[in-house]
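Worksheet: the structure to be examined is printed underneath.
Side chains included, hydrogens not; waters and symmetry mates left out as well; all remaining heavy atoms used. Labels below follow one simple rule: chain letters A, B, ... track the order of the sequence lines, proteins then strands, and each chain is numbered from 1.
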Amino acid sequence: MTPYDPKTLEPKWQRRWEESGVFHAKQDRSLPKYFALIEFPYPSGYGLHAGHPRPYTGLDIIARKRRLQGYNVLFPIGWDAFGLPTENFAIKNHVHPADVTAANIAHFKSQAQSLGFSFDWSREVNTTDPAYYHWTQWIFLQMFRRGLAYKKDMPVNWCTSCKCVLANEEVVNGVCERCGSEVIQKNKSQWMLKITEYAQRLTDDLDELDFIERVKTQQRNWIGRSTGAQVTFQTTAGDDLEIYTTRPDTLFGATYMVMSPEHPLIEAWAGRLENLEEIRAYQREAAKKSDFERTEMNKNKTGVRLLGVQAVNPVNGEKIPIFLSDYVLISYGTGAIMAVPGHDERDWAFAQVYGLPIIEVVAGGDVTKAAFTDCATGVMVHSGFLTGLSVEDAKKKITGWLSEQGIGHEKVNFKLRDWVFARQRYWGEPVPIVHCPQCGMVALPESELPLTLPRVDQYEQTDDGESPLALLTDWVSTACPQCGGPAKRETDTMPQWAGSSWYFLRYCDPHNGQALASPEALDYWMPVDWYNGGMEHTTLHLLYSRFWHKFLYDIGAVPCPEPYQKRTSHGMILGEDGEKMSKSRGNVVDPDEIIRMYGADTLRLYEMFIGDFEKTAPWNSASIKGCRRFLERVWALQEAAARTQEKGIRPELEGEFHRTIRKVSLDTENLKHNTAIAALMSLLNVITESGGATREELRIFLLLLNPFAPHMTEELWELLSFGGRITDQRWPAYDEAKCAAQTAEILVQINGKGRAKLTLPAEISQEEALAAAKAEPKIAEALAGKTIRKELYVKGRLINLVV
RNA sequence: GCGGACGUGGCGGAACUGGCAGACGCGCUGGUCUUAGGAGCCAGUGGGCAACCGUGUGGGUUCGAGUCCCACCGUCCGCACCA
């Protein structure tokens with residue numbers, strides 16, 4: 001027997017697989033399809049770390065198993081290669097981002113290939129390839145034409161020292177991540193995508209999808225749908241003040257109003273406000289605060305009362321004061337609220353600071369001590385025609401009343417905001433728009449796509465925070481596609497989320513020059529059957545791509561309303577110290593090194609065996625060898641198999657085999673790869689104890705192990721001349737009837753304490769089992785002179801006699 | 001603060017609708033083979049001399065609780081004034 005040597009056999013099989021194209025999705029559309037998707041990586045300069053292979057291996061196992069089950073599998077990979085780290089690296093090292101990207105991709109690719117994933121490399125995509133971003137731009141243009149892409153003045157993070165716009169991720173604790181100086185909010189015209197138009201569908205359609213529950217919950221919370229009422233309050237200034245509330249039932253308890261500092265009515269009322277200076281000062285203070293500071297202020301409510309204007313509570317005509325406070329956000333609802341301190345915690349806290357009256361309108365708590373916010377049990381009090389009703393009934397009645405009066409109506413609101421879709425950066429997709437002094441913003445004709453990113457030598461932002469593209473006067477100056485007059489190109493680029501919002505579609509037909517993919521290909525492959533990725537992408541990438549897909553569905557570009565049928569998530573692999581792997585901590589595990597020491601199959605196996613796939617798990621370099629040992633022992637089985645004359649599965653092992661096939665089959669479907677591997681280890685122990693393996697036993701064992709350890713099972717398959725490639729075989733079937741054990745070991749308890757064990761036929765009846773138990777000497781002895789009060793029998797497990 | 005998840009040997013982790021807690025692996029102990037063993041193989045391995053005791057702590061339900069209920073402690077992850 002040759003020793004197990006992954007160093008030679010792994011590259012050999014990787015080469016053979018690629019040369020023969022076994023993992024290329026077949027053109028045969030008559031076969032059932034399976035589209036398994038991993039989140040395509042960002043090719044950073046550091047290469048893969050030990051965390052990357054976990055999700056890839058997890059789904060590679062599914063992809064390989066599906067092929068064995070006869071599916072035509074699409075398991076693709078590509079590169080999400082635009083973005084800031086590459087650009088920063090390029091600036092620092094004076095290399096072009098395109099060159100950095102090419103080098104990083106080459107490195108990532110060779111690493112990924114050395115792990116033996118069954119990716120279809122013929123469908124590799126790269127978001128920075130003009131042939132790819134052609135269609136990213138095309139989708140943007142479709143959105144622009146339909147009014148879903150628009151420009152708007154938006155506050156952005158502005159570093160006062162670097163003089164540049166920062167992404168939220170670059171603002172740490174209110175200061176610039178790089179230089180540590182103050183970050184303020186500055187208004188800038190930004191491209192926006194109207195994701196809010198799809199808010200309702202994005203939340204509703206989750207019901208039909210097979211996503212793990214925490215993903216659904218997180219998306220629902222992020223979209224933040226709430227139902228309430230919009231109510232008009234008259235004011236002594238004459239203008240009406242619109243508010244939104246989810247608790248219209250508490251209208252009788254509204255004792256003051258609060259407006260956001262940015263509320264436009266302040267300007268309208270400027271002439272009547274007696275303390276305008278004080279108000280202006282408060283507005284200035286609020287404007288200076290960063291988002292971080294505003295949220296830090298959480299507990300200490302601040303505000304200023306408007307002197308000279310009051311609001312009128314429509315239910316009782318009472319005049320109530322109006323305040324300005326930054327706990328009310330201009331971006332949500334109407335930017336103003338009615339304050340009900342008795343039944344809202346924030347209003348209660350504010351009322352404490354300003355000594356405002358608190359009226360109880362829902363009985364059940366003590367509003368002098370805390371706001372009573374329970375909607376389920378309370379009964380309305382001090383509320384005129386609502387008194388005596390439940391909160392739910394009161395909501396309906398008051399909303400109806402407000403409608404009759406013409407001063408309010410039911411209203412649905414979302415927390416979801418439109419998507420800021422522009423970066424003042426170089427390394428991104430150019431926005432295909434021209435600004436014409438005559439015609440305004442004009443879409444580039446589709447015939448001019450892709451609008452390629454010009455190659456420049458200077459990628460730093462300008463002093464006023466414009467994209468580096470703004471410096472390219474030759475490129476910027478163009479003719480208006482509409483009137484032909486002089487015009488300027490848009491110089492912002494798209495955010496990194498753009499290319500990843502539709503990449504799975506491109507995999508269906510990656511070389512298509514006429515469309516993002518052909519209708520036939522999309523019709524066959526979509527939707528993605530199983531998508532696994534990180535929880536950190538739940539509210540960004542996963543939501544964004546659902547939004548794009550729904551839009552494409554609406555314009556008839558894709559055949560299904562949702563892109564992903566099933567979504568699961570993996571846990572991170574931590575460093576040996578239990579901390580997140582990072583360069584600075586020095587706890588990064590390099591997969592190349594593990595492959596050199598143990599081989600790719602061992603690494604794959606270990607990453608799956610390390611623990612529950614969905615949970616984080618710390619790396620342990622001492623434990624890996626257990627997986628290598630397991631493979632060595634499997635390798636050694638070939639000798640036993642060569643010796644044996646027996647055919648088929650030995651009868652005494654039949655149950656064990658069928659149970660293992662069942663367990664591995666079911667566990668892998670639930671991403672319980674750890675227990676599937678444990679079952680294979682157990683089976684190997686049984687085989688070893690039995691003194692060897694028959695060829696048939698080994699054949700089945702190799703098939704079950706193949707998705708986990710593809711190289712060595714392929715090699716053994718060949719060495720043992722089972723015929724063909726293991727990759728082309730069929731997944732073993734199990735027989736439920738053969739899974740059942742013939743005998744069962746039954747625990748006999750007296751008063752819940754184990755007293756004896758009996759080995760009985762598995763299908764024995766309750767009477768027979770009880771009789772057998774009482775006949776057992778130890779039990780008979782213990783029962784002597786006692787009265788049995790209760791007899792319990794759990795089939796195949798235990799008997800409990802209560803005396 | 002709100003929401004969610006979790007807490008099991010020396011370690012990573014198993015445990016179906018409540019039914020022999022600790023599968024599987026690491027580590028450890030002893031043995032064997034060996035010039036050698038940080039390789040392999042064999043045996044053992046929750047604690048305790050024992051009866052017994054053991055799944056974060058304290059109660060409860062049940063013939064029976066890691067699993068269900070209540071309260072508390074701790075860890076991790078989201079969200080963070082969304083009216």
Heavy-atom side-chain proximity of Leu680(A) to Thr660(A) below 4.5 angstrom: yes
Between [N] and [M], how many Å separate the two [atom1] atoms, rounded to a whole number?
{"N": "A65(B)", "M": "C20(B)", "atom1": "C1'", "result": "14 Å"}
{"N": "G27(B)", "M": "C73(B)", "atom1": "C1'", "result": "31 Å"}
{"N": "G9(B)", "M": "A5(B)", "atom1": "C1'", "result": "23 Å"}
{"N": "G46(B)", "M": "G1(B)", "atom1": "C1'", "result": "40 Å"}
{"N": "G66(B)", "M": "U57(B)", "atom1": "P", "result": "12 Å"}
{"N": "A39(B)", "M": "A50(B)", "atom1": "C1'", "result": "41 Å"}
{"N": "G74(B)", "M": "G56(B)", "atom1": "P", "result": "16 Å"}
{"N": "U29(B)", "M": "U35(B)", "atom1": "C1'", "result": "25 Å"}

Choosing from [options], which nucleotide comes nearest the side chain of [X]?
{"X": "Phe609(A)", "options": "A15(B), G19(B), G25(B)", "value": "G25(B)"}
{"X": "Asn800(A)", "options": "A83(B), C81(B), G64(B)", "value": "G64(B)"}
{"X": "Arg633(A)", "options": "A83(B), G25(B), C24(B)", "value": "G25(B)"}
{"X": "Leu798(A)", "options": "G12(B), C26(B), G19(B)", "value": "G19(B)"}
{"X": "Ser226(A)", "options": "A23(B), A83(B), G27(B)", "value": "A83(B)"}
{"X": "Trp222(A)", "options": "C79(B), G40(B), G12(B)", "value": "C79(B)"}
{"X": "Ser682(A)", "options": "A83(B), G19(B), A23(B)", "value": "A23(B)"}
{"X": "Gln218(A)", "options": "G13(B), G78(B), C26(B)", "value": "G78(B)"}
{"X": "Asn685(A)", "options": "G27(B), G19(B), G25(B)", "value": "G25(B)"}
{"X": "Ala678(A)", "options": "A83(B), G27(B), A23(B)", "value": "A23(B)"}

May I ask which nucleotide in the shown strands pairs with [N], Watson-Crick or G-U wobble, both distances under 3.5 Å?
{"N": "A23(B)", "answer": "none"}
{"N": "C79(B)", "answer": "G1(B)"}
{"N": "U29(B)", "answer": "A43(B)"}
{"N": "C72(B)", "answer": "G56(B)"}

Which is more 5' along RNA chain B, the nucleotide nearest Glu345(A) or the one nearest Gly626(A)? Just name the residue. Glu345(A)
Nearest-nucleotide comparison on RNA chain B, the residue closer to the 5′ end among Thr539(A) and Ala679(A): Ala679(A)
Base, sugar-phosphate alone, or nothing: which one does Asp347(A) contact when heavy atoms must sit under 4.0 Å apart? nothing
Which part of the nucleic acid does Thr616(A) contact within heavy-atom distance under 4.0 Å: base, sugar-phosphate only, or nothing? sugar-phosphate
Looking only at non-hydrogen atoms, find the nearest pair between Pro591(A) and Ala50(A) and report the distance. CD-N, 3.9 Å
Shortest non-hydrogen contact from Gly333(A) toward Asn413(A): CA-ND2, 3.7 Å
Atom [atom1] of [X] to atom [atom2] of [N]: distance rounded to whole Å?
{"X": "Leu680(A)", "N": "A14(B)", "atom1": "CG", "atom2": "P", "answer": "16 Å"}
{"X": "Arg629(A)", "N": "G25(B)", "atom1": "CZ", "atom2": "C1'", "answer": "9 Å"}
{"X": "Arg628(A)", "N": "G40(B)", "atom1": "CZ", "atom2": "C1'", "answer": "13 Å"}
{"X": "Ile573(A)", "N": "G13(B)", "atom1": "CD1", "atom2": "C1'", "answer": "14 Å"}
{"X": "Leu792(A)", "N": "U62(B)", "atom1": "CG", "atom2": "P", "answer": "14 Å"}
{"X": "Ile750(A)", "N": "G19(B)", "atom1": "CD1", "atom2": "C1'", "answer": "17 Å"}
{"X": "Tyr598(A)", "N": "A39(B)", "atom1": "OH", "atom2": "P", "answer": "11 Å"}
{"X": "His673(A)", "N": "C24(B)", "atom1": "NE2", "atom2": "C1'", "answer": "16 Å"}

Please report the C-alpha distance between Trp222(A) and Phe414(A) in whole Å, then the side-chain angles of each, then the deciding distance to 0.1 Å, and finally whether the ring-ring contact (aromatic ring centres under 6.0 Å, His included) criterion is met. CA-CA 9 Å; Trp222(A) 187 261; Phe414(A) 297 94; over 10 Å; no
How about Tyr256(A) and Phe350(A): are their ring centres within less than 6.0 Å of each other? yes
Quick one: does NZ or CZ of Lys301(A) land under 6.0 Å from the six-membered ring centre of Tyr327(A), within 45 degrees of the ring axis? yes
Is the charged tip of Arg54(A) near the ring of Phe613(A): under 6.0 Å from the six-membered ring centre and within 45° of its axis? yes
base_contact_polar (C26(B) base, Lys625(A) side chain, donor-acceptor, <3.5 Å): no
Indicate the ring-plane relationship of Phe630(A) and Phe701(A), choosing parallel, tilted or perpendicular according to the 30° and 60° boundaries. tilted
Is the glycosidic torsion of G9(B) within 90° of 0, making it syn, or is it anti? syn
Would you please confirm or rule out a distance under 4.0 Å between OP1 or OP2 of A14(B) and any side-chain N or O of Asn674(A)? yes
Please determine whether a side-chain nitrogen or oxygen atom of Arg220(A) lies at a distance below 4.0 Å from atom OP1 or OP2 of C79(B). no
